[in-house]
Structure formats: C-alpha cells, structure tokens
Amino acid sequence: MEGKRETIILFPFMAQGHITPFLALSFRIAEKGSYNIILVNTPLNIKKLRSSLPPKYSSIRLLEIPFDGTQHGLPPDAETADILPYYVGLRLLELSPSLEPAFRALLSDVIREQGGLRPLCVVADFFFGWTAAVAREFGIFHAIFSGAGAFGLACFYSMWLSLPHRDSGEVEFTLPDFPEAGIFHVSQLSPSLAVADGADRFSVFQRKNLPTWADSNGLLLNTIAELENNGLVYFRRKLNVPVWAIGPILLSEDDRARIRAGKEFGISPEECTKWLDKKPESSVLYISFGSQSTISATQMMQLAKALDSTDRNFIWVIRPPLGFDPAADFSPEEWLPEGFIERVKVNETGLIVLNWAPQVEILAHSSIAAFLSHCGWNSVLESLCNGVALIGWPMAAEQFFNAKLLGEEVGVCVEVARGTNFEVRWSDIVEKIEMVMGENEKGKEIRRKAMEVKEIIRNAGRDEEGYKGSSVIAMEEFLKAAEMMKERAEIGRL
Ligand code: UDP
C-alpha cells in the first residue's frame with residue numbers, strides 16, 4: 001500500500017441535490033490527503049463543476065460519462081433533474097441504467113490508465129444501484145451513498161417496495177418490514193408515493209433500483225449513529241451489508257460560497273449578521289423551505305398573519321408561492337397582508353429575504369432560537385449542528401419521515417403543517433411557534449434536547465489524539481473494508 005495513492009470513484013445522480021452531498025463527501029475524503037478522487041457525471045454537469053471546484057482540491061478529477069439526452073427524446077441541455085420540468089427528471093432516472101456500458105468503459109479506461117491497477121472503490125448514488133453489478137465484474141468494492149438520513153431513507157425504501165398504504169384503505173398504516181418506524185398517516189406521503197400503484201413509472205423504476213442495493217458491499221449514510229438507530233438497523237437487516245453512519249457530510253462555509261449552484265443571495269451575509277447582532281440571544285425564528293420548495297399563496301398569508309401576531313423576531317426566505325414562476329422577479333407584497341413588510345421593517349421585528357439566504361451563517365448566529373423548516377436533511381443537519389430546534393413543515397420526498405423522526409424519536413421538532421394542500425391556520429402556527437420558542441416546559445425541553453444533539457454531532461466528528469468519534473470511525477471502517485477486499489482480490493490473482 002505504501003507510497004501508492006488509491007483511487008476512489010464517486011458517481012452521483014444528475015441533480016444538484018445529489019451532486020452537492022457527493023461533493024461534500026469527496027472533499028471529506030480529499031482532506032485525508034491519501035486518495036485520488038474521480039467524480040463522474042454527464043458532460044454539462046462536469047462543465048459546471050469545473051468552474052466551481054475549489055482549486056485546493058487538486059486530488060479531485062472530474063470525469064465525463066458520455067450522455068446524449070437528444071437520443072432519448074430529451075432537450076439538448078437536459079442533464080440536471082432539478083432545473084428541468086418534472087417529466088425530464090423522471091426520464092433521467094429511467095434512462096440512468098442506459099449509462100451502464102459507458103460506465104463499464106469508464107472503469108476499464110481508468111484501470112488501463114493506472115497501468116492495470118483497479119480503483120479502491122466505487123461510491124454511487126442511491127438511484128444507481130445498477131453500478132454495484134458493474135463494479136463487481138471488475139472486482140471493485142462498491143458502496144451506495146445517500147445524503148439523506150437513515151430513518152428517512154429506510155421509510156422511503158420500505159414504502160416504495162411494499163406500498164403498504166395502497167390496499168389498506170385506511171388513512172393510517174405501518175410498514176410490514178419496518179414496524180419499529182411506528183404509525184404513518186397518508187398525509188405523510190410525497191405526491192408520487194401517494195398515487196403509486198406499483199405499475200406507475202416511479203414504482204417501476206424503484207422496484208428495479210432498490211433491490212439492487214443488496215448487490216453493493218455497503219451503505220454510507222449522512223447521519224450520526226447516536227442520533228438515530230432504527231434506520232441503520234433496518235438497512236443492516238434488510239440488505240445484510242455493513243451500514244456506515246459517516247455524517248454530518250456538509251460543505252464547509254468556504255466551499256458553499258463557491259458551489260452555490262448559481263444562487264444569488266437575496267441579502268449579503270454581512271447585512272444579515274448585522275441585523276442578527278442587534279437581536280437578543282435566542283430570539284429569532286428562521287423560516288426557509290430549502291432550495292426548491294415553496295408554500296401556497298393561502299399558506300403564505302396565514303404564515304404572515306401568524307408572524308404579525310406573535311411579535312417574535314424572524315428572518316423569512318420568501319419565494320413566489322406555488323403555481324408562480326420561481327425564477328421570475330416578484331414583489332412579495334402581492335402575497336402578504338397589507339402593510340406587512342413596512343410594519344416588520346419599522347418595528348425591526350422581521351427581515352424578509354428574497355429567494356436565497358446565507359442559511360449556514362444564519363443558523364450559526366446566537367440570536368437564532370428556532371428554524372421553521374421543510375425538514376430537508378441538509379437543513380436538519382445544519383440546524384442541529386448549531387443546536388437550533390425545529391418547527392417542521394415537510395413538503396416532499398422523505399422530509400415527512402425526517403419530521404417524524406425529529407418529533408417522535410429525537411425530540412427536537414414540532415410539526416406545524418404538511419405539504420402545500422394543508423389548511424394551516426395562523427393561530428396554529430402561532431401556537432407551535434410559542435411552543436418551541438416560549439418559556440414553557442415543552443419548549444425548554446426541545447431546546448435543551450437540540451443543544452444536546454449539537455454536542456452529539458460534534459463528538460461524532462471529533463478526531464483527536466485519544467478520541468475518535470463514531471462518524472470518524474465509520475469512515476475509517478468503510479475505507480478499511482474496501483482495502484481488505486482489494487488486498488484479498490490481489491492475493492487471489494497471484
Ligand atoms: N439553502 C441556503 N439558502 C436558502 C435555502 C437553502 O443556503 O435560502 C441551502 C441550505 O443551507 C441547505 C440546502 O440549501 O444546505 C437545502 O438542502 P435541503 O436538504 O435542506 O433541502 P432541499 O433543497 O434538498 O429540499
């Protein structure tokens with residue numbers, strides 16, 4: 001092993017929400033200083049990455065896998081699932097196994113370039129289960145990585161394979177192979193899961209993809225072993241492969257500034273900090289629905305009314321409501337109560353940020369008390385890394401399950417609404433805000449728990465003389481497992 005740098009190949013699905021966690025993972029591995037990393041993606045995505053990759057990560061090589069969407073009836077620029085219409089994203093998913101011959105050729109090329117030496121491992125997206133069989137052909141160790149949490153992903157996995165809500169006819173249901181996850185309500189299903197019948201396009205894709213995870217040599221999850229156990233146990237039982245909790249895998253502030261996926265801040269971090277500096281400690285509610293989601297116009301009005309009546313300080317990242325062009329210029333007044341913006345400005349209680357805020361800087365500020373969030377896993381981790389309690393308003397995907405975990409198991413979140421059809425009332429929002437931010441027993445307990453989780457996360461990432469946290473150990477164990485397989489394979493060849 002001495003003197004020779006091993007190569008690790010990372011292959012995310014073509015969507016910003018998948019590429020970003022893979023970048024964060026590749027930076028984490030690159031920081032170890034002993035690996036060459038190859039990040040694979042389709043040509044347009046690689047081109048974008050090339051211009052944003054921080055130069056300090058010179059050990060990361062970006063490699064194109066040929067893909068021509070026009071041959072499959074897609075528009076010529078259709079390589080990213082998140083900025084294109086929904087049907088293109090689904091089509092990209094369906095088409096992804098067609099990358100198999102190109103991926104096989106790419107592995108052969110890398111091995112040839114390395115004078116016959118095989119890469120140490122392939123780490124692929126959870127949508128790319130098919131890559132496990134290809135890696136196996138070459139005798140290369142394979143792991144699946146997801147930026148999601150273990151419980152959220154386990155619920156997603158179980159539901160897509162069994163669709164337990166379909167035949168029961170009840171509004172509540174449990175998961176046959178994951179009973180310890182508890183009771184679910186149909187309102188916790190994402191729109192695609194809610195209508196899935198096993199023959200729809202998503203079900204067809206998932207029923208092919210999910211079982212192939214068992215062909216992999218292990219699962220890498222962006223979570224912390226001490227934070228959640230059920231999801232980890234589920235996958236060990238279901239797939240019978242090692243599961244490594246290596247989280248939190250998040251971009252550092254410096255790296256985020258470079259890789260912001262073209263998003264311009266609606267306010268500068270400095271202005272934001274200046275505003276927060278004037279607020280008392282733990283007095284501000286931060287409100288954001290992630291990088292893509294938005295609420296309906298009616299819900300927006302109810303949320304604004306709630307904020308009007310609480311007098312709590314807040315920062316609210318506002319986008320055009322559902323049904324309006326998210327990329328268009330807009331005036332938020334249109335969707336807010338009359339005089340709202342002026343009032344919160346004069347009273348200095350609220351800061352309205354259009355489209356995109358410096359979220360990590362905000363959450364790290366001592367004036368922040370709580371985060372009203374859609375419970376996207378990155379937002380959850382960023383909040384908990386700073387000991388900030390959550391008010392959950394899940395919108396899509398596994399966010400509903402994240403909110404369930406955080407509310408029922410971890411005890412750091414209170415749910416206020418679900419999705420864009422939910423008839424949320426301003427008085428309920430006020431009640432939940434007061435519950436989490438106010439001086440009541442429940443609020444105190446949630447905030448205490450959030451601070452405890454902050455410590456748990458910090459400890460999991462500690463790598464000091466005499467102490468290694470669980471996530472550090474899990475990362476080492478994953479790399480060791482890959483090395484052992486390679487050594488065994490090489491001995492076998494001698
Ligand atoms: N984010 C941000 N500013 C915003 C909204 C989102 O910096 O105004 C970042 C946030 O810090 C997080 C990511 O975008 O890292 C959102 O990821 P998450 O998993 O929470 O939700 P998704 O966008 O995938 O729904």
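Bear in mind that the values here come from a model prediction, so they are computed numbers and not experimental data. Hydrogens, waters and symmetry mates play no part in the numbers below; they use all other heavy atoms, side chains included. Just follow the structure's listing: the first ligand is 1, and inside any ligand the first atom is 1.
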For this session: Would you please determine whether Met395 falls within less than 4.0 Å of ligand 1 on a heavy-atom basis?
Result: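 No, Met395 has no heavy atoms under 4.0 Å from ligand 1.
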Problem set entry | ligand 1 contacted by Ser293 (non-hydrogen, < 4.0 Å) |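 Per 4.0 Å heavy-atom rule, Ser293 does not contact ligand 1.
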Exercise. Out of Phe289, Trp356, Tyr286, Phe265, who gets a non-hydrogen atom closest to atom 2 (C) of ligand 1?
Worked result: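 Result: the heavy atom closest to atom 2 (C) of ligand 1 is in Trp356.
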Problem set entry | Heavy-atom nearest option to atom 24 (O) of ligand 1, drawn from Gly290, Pro394, Ser291 |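 Shortest heavy-atom distance from atom 24 (O) of ligand 1: Ser291.
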Problem set entry | Test item: side-chain donor near acceptor, Ser291 and Gln16, under 3.5 Å |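 No donor-acceptor contact under 3.5 Å links the two side chains.
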Exercise. Do Gln299 side-chain atoms and Ser296 backbone N/O form a donor-acceptor pair below 3.5 Å?
Worked result: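 It does hold such a pair.
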Exercise. Would a distance-only check, ignoring hydrogens and angles, find a side-chain to backbone donor-acceptor pair under 3.5 Å from Ser288 to Gly290?
Worked result: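 The answer is yes, because a donor-acceptor pair under 3.5 Å joins these two groups.
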Problem set entry | Phe151 and its ring-ring contact (aromatic ring centres under 6.0 Å, His included) partner, picked from Tyr234, Phe156, Phe401, Phe178 |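 It is Phe178, the one option of Tyr234, Phe156, Phe401, Phe178 that forms the ring-ring contact (aromatic ring centres under 6.0 Å, His included) with Phe151.
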Atom indices of ligand 1, in the order listed, that fall short of 4.0 Å to a heavy atom of [X]:
X      : answer
Gln399 : 25 (O)
Trp377 : 19 (O)
Ser288 : 5 (C)
Val317 : 8 (O)
Gln359 : 1 (N), 2 (C), 3 (N), 5 (C), 6 (C), 7 (O), 10 (C), 11 (O)

Closest protein heavy atom (residue, atom, distance) for [atom]:
atom                    : answer
atom 18 (P) of ligand 1 : Asn378 CB, 3.7 Å
atom 11 (O) of ligand 1 : Glu382 OE1, 2.6 Å
atom 20 (O) of ligand 1 : Ser379 OG, 2.5 Å
atom 7 (O) of ligand 1  : Arg256 NH2, 2.9 Å
atom 25 (O) of ligand 1 : His374 NE2, 2.9 Å
atom 8 (O) of ligand 1  : Ala357 N, 2.7 Å

For this session: Determine whether the aromatic ring centres of Phe13 and His18 lie less than 6.0 Å apart.
Result: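 Yes, close enough.
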Exercise. Is the centre of the Phe126 ring less than 6.0 Å from the centre of the Phe145 ring?
Worked result: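 Distance test on ring centres: not under 6.0 Å, no.
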Exercise. Is it the case that Lys404 places NZ or CZ above or below the six-membered ring of Phe184, under 6.0 angstrom from the centre and within 45 degrees of the axis?
Worked result: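 Because its charged atom sits under 6.0 Å from the ring centre and within 45° of the axis, Lys404 does stack over Phe184.
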